[in-house]
Amino acid sequence: MLSFDPLGAQLSPVSLIVVAALTGLYMRGLARPRRLRPQPAPWQVGLFFAGLGCLLLAFNAPLSPLGSSLFSVHQINHLLIRLLGPLLLAIAQPCGIWTAGMPRGARRRIADEARRPFERALRSPWAATALLVATLYVWQVPALFDLAQRVPAVELAAHLGMAAAGLWFFSLLLDPRDPPEGMRRGARLLCGIVVIVSNILLGSLMTLKEVVLYGATGPGVSLTPLTDETIGGYTIWVPSSMIMIVAIVLVFNGWNRAEERRWNARHTLMRQSNSAALEFPETAQELRLKVTRPNRDLGRTLAVAALSMFAVVMVTAITVVSLG
């Protein structure tokens, strides 16, 4: 029997209400005239519902009750809530359609808020990155993890926070707009690398450790606690990092599309401003001057990524040797 307890582990009415509200707002936005809303491609509509499906799968049976017995399954829940579901939603770019589905007064208030400091703070890539990493590390602290397992309201708050942090992060990371409205492309790349490094660091430590941190598994489970936690650590380490690699590939793809848009619009831009002609080099020397700084910044970003990966490997090795 499924439990309809709002804080129960079998079926979460909170998740059903949130997903139903987001779906209703999305459908209402799609029903608006095309001149008042973005026109999503069919694959974007499909990804929108796939993202919501990931959230429903993580919040409800069978994964949710299994996550209460198995640490490894609980990490799959976190992967769906914190990374995969929000990534699919961000690729679908539903914000414009959600806004179109709101009442006129709400749309005006959103437009007014967009010009205030709070909204500008929401566009901070480093705040979004820090919150996403924090939602991973904070809830892996054994005392807090155990508290969330014992108190359903705490677990619900943690999971909703993970979903919100993931949606905020990926919405900024995959924003199709160019600066200053959107993030700088190099900053997006660096933020993605920071999240990958954080996944690798925690996941590798959890996988290679030889002590049990989270207690016994549930009744009827054949896995030993250490094996269960090792599988959970591997989930944080490899599948989560693979999702972030997909996100970084999408960042590069968006970067390429932005450059193509700007190049195709060069004649219009040059007619509007003589200074814009400097943005589109015509000789080898002009091209060298144009690309030197961006290439240097990209090289530094990739160097930081390589050094971070090396540091993670060294920290993991030293920690495992020390614990052994």
Check whether any side-chain N or O of [X] sits under 3.5 Å from a backbone N or O of [Y] as a donor-acceptor pair, and report yes or no.
X	Y	result
Thr129	Phe169	no
Ser198	Val195	yes
Arg37	Ile97	no
Asn60	Leu56	yes
Arg28	Gly101	yes

* Check step by step if side chain to side chain contact (heavy atoms under 4.5 Å, CB included) holds for Leu25 and Met102. => CA-CA 7 Å; Leu25 192 60; Met102 295 178 181; 4.1 Å; yes

Taking the side chain as C-beta and beyond, is there a heavy-atom pair between [X] and [Y] under 4.5 Å?
X	Y	result
Tyr137	Leu201	yes
Trp237	Gln75	no
Phe59	Ser64	no
Met162	Trp139	yes
Lys209	Leu205	no
Leu132	Trp168	no
Ile248	Val246	no
Phe71	Pro225	no

Interatomic distance, [X] atom [atom1] to [Y] atom [atom2] [nearest 0.5 angstrom]:
X	Y	atom1	atom2	value
Ser241	Ile196	OG	CD1	6.0 Å
Phe170	Leu84	CZ	CG	9.0 Å
Leu173	Ile91	CG	CD1	10.0 Å
Leu167	Leu172	CG	CG	9.5 Å
Leu136	Leu131	CG	CG	11.5 Å
Thr235	Asn199	OG1	CG	11.5 Å

* Could you go step by step and tell me if Leu80 and Leu55 meet the side chain to side chain contact (heavy atoms under 4.5 Å, CB included) rule? -> CA-CA 6 Å; Leu80 293 172; Leu55 298 181; over 6 Å; no

* Trace of the side chain to side chain contact (heavy atoms under 4.5 Å, CB included) decision for Phe48 with Val45 -> CA-CA 5 Å; Phe48 171 78; Val45 177; 5.6 Å; no

* Structure fact -> Which of Arg188, Arg185, Arg257, Arg184 passes salt bridge (Lys or Arg N to Asp or Glu O under 4.0 Å) with Asp178? It is Arg185

* Is it true that atom CZ of Arg150 has more than 12 heavy atoms of other residues, nucleotides or ligands lying nearer than 6.0 Å? -> yes

* Asked: Does a sphere of radius 6.0 Å around CZ in Phe49 hold more than 12 heavy atoms from other residues, nucleotides or ligands, not counting ones at 6.0 Å or beyond?
  -> yes

Locate the shortest heavy-atom distance separating [X] from [Y]; write the atom from each residue and the value.
X	Y	answer
Pro125	Cys191	CB-SG, 3.8 Å
Ala247	Leu87	CB-CD1, 4.2 Å
Thr135	Gly161	CG2-O, 4.2 Å
Gln93	Leu174	NE2-O, 4.1 Å
Gly67	Gln149	O-NE2, 3.5 Å
Ser72	Ile231	CB-CG2, 3.6 Å

* Do the ring centers of His74 and Tyr214 come within less than 6.0 Å of each other? -> no

* Do you reckon Leu189 sits in the same ILVMFWY cluster as Val194, going by side-chain contacts under 4.5 Å, direct or chained? -> no

* Asked: In terms of hydrophobic clusters joined by side-chain contacts under 4.5 Å, are Ile17 and Tyr26 together?
  -> no

* Asked: Met206 and Leu202: side chain to side chain contact (heavy atoms under 4.5 Å, CB included), yes or no, with the steps?
  -> CA-CA 6 Å; Met206 293 290 297; Leu202 181 62; 4.1 Å; yes

* Take Arg123 and Asp175 through the salt bridge (Lys or Arg N to Asp or Glu O under 4.0 Å) test and state the conclusion after the steps. => CA-CA 10 Å; Arg123 295 205 300 266; Asp175 188 347; over 6 Å; no

* To do: May I ask you to check whether Thr207 and Ser204 show a side-chain donor-acceptor distance below 3.5 Å?
  => no

